[in-house]
Structure formats: structure tokens, C-alpha cells
K.L.:
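The structure is given below, and queries will be raised subsequently.
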Amino acid sequence: MKLKKRMCCVISYLMVAIVMLTDMSYGSVNQREGEKREERQVTESAIHSMEDDFTLTALGRSAKKKRNHSNETWNLDMIDRKEISVRKPGVNNRIKVAVLDSGMDFSDEVNVKQHVDMVGDGVPVYYEDMTGHGTSVSSIIADINPYADIYSVRVLNGDNEATLSSVIQGIEWCMENDIDIINMSFGTKKDSEVFHEVLHRAYKEGILLIAAAGNSDTEGVDYPAAYPEVMAVGGTDSMGKKTEESAVGKEIEIVAPGENVEAQGLFHGRVITEGTSMAAPHVTGVASLLWQEDSKKSAQTVRACLNESAKDMKGKEKYGSGMLDTDDALRVFSQCEDNDSEEIAYENKGKVDTYDTSDMVAGSWGKKQHEGKVDTAAKIAGVVAQDVYLKWDNKNASTEKYKMLHGKENYVNAYIYLMKMALKCRKNGLAEAKKVSFPNKNAVDNADCKKIKSYITADLIKKVLKNKKVKYNARNAALVLMGMAMHVVGDTYAHCAYEKGSPYWKQIMSPHTDSTEVTPSRYTATGYAMGEVLAIWNGNCNPSFEEYDLIGIYNHSAKFRLEGLCVYSARTQNGINYETYKKNIKKLSCHYVKRDKNKVGLGLPD
């Protein structure tokens, strides 16, 4: 059945945008919400005292990927990166790269050291990247330099927009935490004295600043790329020509691939991206490669080596110093002395190779000049439905009735029931969806399902959709229900997880339930589980306990276990042969036995 589910599913970029509906709020910064909120108020007050806060917008777009196309990594070939063997740097030479963007989704391939949230809109860090923009940007850096230590600093919200105050907070965090490189794939036409001042301080502290030039070729280079302290990166297509929308101006410093670039989407998916947003991380990735060869050299030296080694292209205001060239940049960097004057004598007359990318899908969810609008599904995903309308607070007895919607009680049962409703709703509407049968015949579980059924009303769905300015119809209602099902799954790994112990396993308690740094394999597990849920949705398959079991196959269960998984799975089979999966499920399950003197829940392996 699992093979069937995988074969009948292609996880599209459109559908994975739904995954935001959970409160598994991972991230060390989120653990200090009170402190962070106070800091934000101070920053915002300072900004408003000098000039009005304003909005910056992401400068990239994404689309669905056409499978089996050729030249998947043409962008790496174009910048002469693909054939280079990269040595793992020593501890002292690890380069810290901050990606100021929309966040970073789960990934086995991107080395995300920390998630930091400067938006403060309540979106969980694990599901922080509503649009996939930051995920794609980060993955391009990792494709070029897998050893870069990436710090996901979320400043863009679900509409790929950022307030100036959140961006400034992000830059100040970078200075406080010794970040080496800041990648900024967003921009604005508005100059700002406060913005320029904080960037100037970061520059003086030795941080290399890299930004997308902008996606309007008639209106000049966007800020922050237009500031002299920042490397302004323009975009080219696979034929080595400036992309139609890439900004033009004297500030353009270097160019890199910015159209039909393959990158990571949400939950293991691959997408085709475009915009100067995607050109900038190419430069950031190569810069980190250079710097990890000798981290004692300055940011100015890295910048100069990148510019001087670029392949010369005619048209300074279109191409700056030319096409990014990894091979030559490494050669120049290894030979030059540390040089704060940025005077390096080198000339690269190499030819920019071209590639045929005609078989790559070029559609996108953005308008031509990218106004930060996203697909309907992503807008729906911006609402944490349970946490807004059906919130459970273990300190508030009146909310106990909502526990089963937050990974408590028989969470397998709650997930399956909501998912069955979602699939039925997509096809036949909400009224028919509420007629679906309960997953089992257990009296307690059925009582929970009856409660869930009573909560799922047209009025609730309409509130969720209205809040995101999305019309009410069967498909959109179904997406909300699927988001609620995913919420249950995500909450399970937050609220029902136990850390390894002998003989007792200790329950991971608040505030650690929401931290990626505490038993991070939970984070990995949730990613695989969500991928399975999306497979169910896209393949219109029968939901079951299997979605929780996938992580057992990937052998992460030695680090944590889920309370009651074995019992709940056996009780809620929903047409699947439980015995086939029992061995793996037992590896991932434990049962509650008692609490210790510190009121920490304990468990024994099943």
C-alpha cells in the first residue's frame, strides 16, 4: 500500500504550500517570545521615531517542475561549480551564512543550524516557509556549498513581504551572532537612512552583504542591493543573457543564473525558480566556498575575488563585472593576499556556456513584477486554524474538549477522520464530508470524532477562508480540512514525544516541545510524515496509521518515541493490515507508566 501511495503521488509545489496549519513551533528564538516581543517593540519604536516603517518584497518566483528534464544542474555548470571537489572545512573555518527570507522548510540536504523568527506572526518555525521562497534560496546555497552553516532568519511573512523593522532586527541579530555572510533576496524602491545605517554597521563589522538586484529592468536596482556596502546580483537565463526582468543600473556588481533554476521546494519536492532572488544565493554559496578556504581573510577580499574572477560580459549596467565563476574565484582567492583595498589584478575572458532549458516549466505563482502575491492554497495555509479557532491550552479547562485536535488522545484516529473528510469534501463538498464514517468502532474514539464533526462547520471554514481573503468552495474547504489533519500530525511529534532513557523514556515537556534543538530527529520525522500525508492527498489514497510509521523505516526512532502509537494504530487500522507494520510501529512507540517527582511524564518501550 505504501508503494502504491508513493507511485500515485507527485508532490506539487501548489499542494505543499498547505503545510503551515500546525503549532509545532520549533526554534530557539520562539522559546523567548516575551523577550523577543520586547526587543521588537524597541526596534520598531526607534524606526518610527526617525522614519515610517515600510514593506520590502521578495524578488523570486517558483513553479511546478516538469519531470525528467535534462540539464537539471545547468546553473552549476554555468558558474563552473559542478566539477569542483569541496573539502570539508575545519571547525575554525566554518562559514556562517544567514538567509534573511521567508524561513526554511524541513530538509535532509540543507545544513540549517538555527531557525530565527523576526516576523512574530505566530506561524510555527517548522512550517514557517509558507511560500517556499526561503527554502529555495537556502537550497541553492547548499547545492553550491554543502558545508555552509545556514541560519534561517525569517523576516518575510506568508505574502513574501517584510517590514523594515523585522529586517533591521534580522541584521542586528546577525551582528550579535557573528554571522559571516547575509543573503537578502528581497527589495524595495524606497531608500531608508535607518536601513542604510544598519547595513553600514554590518559591513564595518566584516559581514559580506549580498542582495538580489530586483526584478524591474526599467526602475533601477532595488535597495538594499543599491547600497554600496552590498553586492548587487543580477540574473541571467540559461543562454547567458540578462533575464527580461533583472534590474539594470550602475550598482550591478555581478550576475548569476536567475531563470529556470531547479531548487528545493517544500517536503522533499523540487521546483523551478526564477528571479534575482535565486541569482543572489549562487553568489552567496560561492562566497562561502572561498571564505572557508581561509576564514582569516576579509569580506572585502572575498568580494573582490568574486568580482575580479567573473567572466567578462559586455554591458556593465546589465552584467556588472560579469558571470560568477567558481573555479576562477577559488584560484584567485588562494593566490591573493588579504586586501581591504579590493585591488586585485585578474582578467577572466572565459566564455559563458549556454544550455537548453526549454523542457522546464516556466509558469509561476507571481505576477510579472512579483508583488508578493501567492497561490490560493498558500493563502489558506497562512492560517493556523486550530490555534486560532479551536485552541487547546492545558491551563484552561474550558479548552480540554479540543485536545484531540492537537495531538492528544487518539491522534491517529483524529488525523484519519479529518483526512477522510478532506478527501470527501474536495469531491463532494462539506455536507457530504461530514457524513464519512468514523475510522473505528471504539466508543471513546467515536466520541472524539463526534466532537470533531461538531466543530467542523461551514461557518468555521468560512472564517478561516475569509481571514485570508479566499472564497469558500469545496476545494478550498477541503484544503482547510487537510491542513487541520496535518496540524494533528505535527502536534503529535511536539506533544507526545519521549526522549531516550533507560529504562524509562522521559516526555519532552514545554518549553522544549517546540525546539528543533531538543531531539531534532522529531523534526526530521515530522517532515517525512507530512510528505506521506501529501501523498495521500495527491493520490486520493486511504489515510491510515502508516503516515506516522514512515520514520521507523528511516531509523530515526532510536532517538525518540511517540506515546501510544502502537495502541492507537492497532485500534485505528482503517482498512490497512496492521500486522505488516507492527514491528516498525513498536520501534517508534512507548506507553505511559507514571510521572517522576518533577512531574515529567515517563514511558516504557512497547
Side-chain angles (χ1 to χ4, degrees), residues 27-32 35-51 53 56 92-104 112-120 125 134 137-138 141 148-156 162-188 191-212 223-232 280-281 283-284 287-288 290-292 295-303 338 340:
S28 61
V29 172
N30 278 5
Q31 296 171 20
R32 303 190 302 273
E35 177 184 342
K36 181 178 68 175
R37 192 176 300 110
E38 182 178 345
E39 291 173 353
R40 180 176 296 110
Q41 290 171 350
V42 173
T43 301
E44 290 175 350
S45 176
I47 290 171
H48 285 293
S49 69
M50 298 184 67
E51 56 185 57
D53 204 355
L56 297 90
N92 294 332
N93 279 342
R94 302 285 297 213
I95 302 303
K96 299 170 71 174
V97 179
V99 179
L100 270 63
D101 217 288
S102 59
M104 173 67 205
V112 180
K113 302 296 288 186
Q114 188 174 349
H115 292 264
V116 182
D117 180 28
M118 299 300 173
V119 179
V125 174
V137 168
S138 298
I141 297 170
D149 287 343
I150 294 177
Y151 292 77
S152 174
V153 182
R154 182 174 178 252
V155 298
L156 296 172
T163 61
L164 176 61
S165 55
S166 65
V167 172
I168 287 177
Q169 275 189 277
I171 296 169
E172 289 176 337
W173 182 91
C174 291
M175 288 188 280
E176 293 167 1
N177 289 274
D178 300 320
I179 294 297
D180 299 303
I181 304 173
I182 298 177
N183 187 98
M184 296 171 283
S185 289
F186 51 79
T188 177
D191 192 0
S192 163
E193 182 180 344
V194 176
F195 194 14
H196 192 182
E197 188 276 332
V198 74
L199 286 167
H200 182 73
R201 283 195 286 117
Y203 174 80
K204 286 296 185 182
E205 288 194 14
I207 298 177
L208 181 60
L209 306 169
I210 299 171
Y223 299 101
Y227 294 127
E229 294 86 353
V230 182
M231 290 190 74
V283 178
T284 297
S288 68
L290 267 61
W291 219 345
Q292 72 187 23
S295 61
K296 294 181 180 179
K297 292 183 179 180
S298 68
Q300 290 91 334
T301 297
V302 176
R303 182 176 183 175
D338 200 29
D340 287 346

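Just so you know, these numbers come straight off a predicted model, no measurement behind them.
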K.L.:
First locate atom OG1 of T284, then atom CD1 of I210, and finally report the distance between them rounded to the nearest 0.5 Å.
P.N.:
3.5 Å
K.L.:
Minimum heavy-atom separation for G120 and D117, please, with both atom names.
P.N.:
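Closest pair (atom of G120, atom of D117, distance): N-OD2, 3.4 Å.
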K.L.:
Who pairs with D180 by side-chain hydrogen bond (donor to acceptor under 3.5 Å, both in side chains), at least two apart in sequence or on another chain?
P.N.:
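Checked D180 against side-chain hydrogen bond (donor to acceptor under 3.5 Å, both in side chains); zero matches.
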K.L.:
Counting distance only, does the side-chain N/O of S295 pair as donor-acceptor with the main-chain N or O of N92 below 3.5 Å?
P.N.:
yes
K.L.:
Would you indicate whether the side-chain heavy atoms of M175 and V198 approach each other to under 4.5 Å?
P.N.:
yes
K.L.:
Which heavy atom in L100 sits nearest to a heavy atom in G170, and how many Å separate them?
P.N.:
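Here L100 and G170 meet closest at CD2-C, 4.2 Å.
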K.L.:
Do you know the tightest heavy-atom contact between S185 and V137?
P.N.:
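Scanning both residues, the minimum pair turns out to be OG-CG2, 3.9 Å.
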K.L.:
Checking the side chain of S288 only, and the main-chain atoms of A148 only, is there a donor and an acceptor separated by less than 3.5 Å?
P.N.:
no
K.L.:
Just wondering, do H115 and R154 contact through their side chains at under 4.5 Å, heavy atoms?
P.N.:
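No; the side chains remain at least 4.5 Å from each other.
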K.L.:
Between W291 and T301, is any pair of side-chain heavy atoms under 4.5 Å apart?
P.N.:
no
K.L.:
Can you measure from NZ (K113) to CE (M104) and round to the nearest 0.5 angstrom?
P.N.:
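Nearest 0.5 Å value for the NZ-CE distance: 14.5 Å.
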K.L.:
State which residues pass side chain to side chain contact (heavy atoms under 4.5 Å, CB included) with A211; sequence neighbours excluded, sorted by chain then number.
P.N.:
M184, P224, A225, V230
K.L.:
Contact between V283 and M231 at the side-chain level, heavy atoms closer than 4.5 Å - yes or no?
P.N.:
yes
K.L.:
Roughly how far apart are S138 OG and I150 CD1, rounded to 0.5 Å?
P.N.:
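The OG atom of S138 sits 5.0 Å away from the CD1 atom of I150.
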K.L.:
Between I179 and I181, which heavy-atom pair has the shortest distance, and what is it?
P.N.:
CG2-O, 3.2 Å
K.L.:
For S102, give me all partners under side-chain hydrogen bond (donor to acceptor under 3.5 Å, both in side chains), at least two apart in sequence or on another chain.
P.N.:
D129
K.L.:
Could you give the distance from CG (D101) to CG (N183), rounded to the nearest 0.5 Å?
P.N.:
7.5 Å
K.L.:
Rounded to the nearest 0.5 Å, how far apart are SG of C174 and NZ of K96?
P.N.:
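These two atoms lie 9.5 Å from each other.
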K.L.:
For a 4.5 angstrom cut-off between non-hydrogen side-chain atoms, does Y151 reach W173?
P.N.:
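Touching, per the 4.5 Å side-chain cut-off.
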K.L.:
Under the side-chain hydrogen bond (donor to acceptor under 3.5 Å, both in side chains) test, which residues partner N177, sequence neighbours left out?
P.N.:
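Testing N177 for side-chain hydrogen bond (donor to acceptor under 3.5 Å, both in side chains), a comparison that skips the adjacent residues, returns none.
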K.L.:
Among all residues two or more places apart in sequence or in another chain, which pass the side-chain hydrogen bond (donor to acceptor under 3.5 Å, both in side chains) test with E229?
P.N.:
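E229 satisfies side-chain hydrogen bond (donor to acceptor under 3.5 Å, both in side chains) with H196, H200 once adjacent residues are dropped.
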K.L.:
Applying salt bridge (Lys or Arg N to Asp or Glu O under 4.0 Å), can you list everything that pairs with E197, at least two apart in sequence or on another chain?
P.N.:
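Scan of E197 (salt bridge (Lys or Arg N to Asp or Glu O under 4.0 Å), adjacent residues dropped) gives R201.
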K.L.:
Where is the tightest heavy-atom contact between S192 and F195, given as atom of each residue plus distance?
P.N.:
OG-N, 3.0 Å
K.L.:
Looking only at non-hydrogen atoms, find the nearest pair between L209 and L199 and report the distance.
P.N.:
CD1-O, 3.5 Å
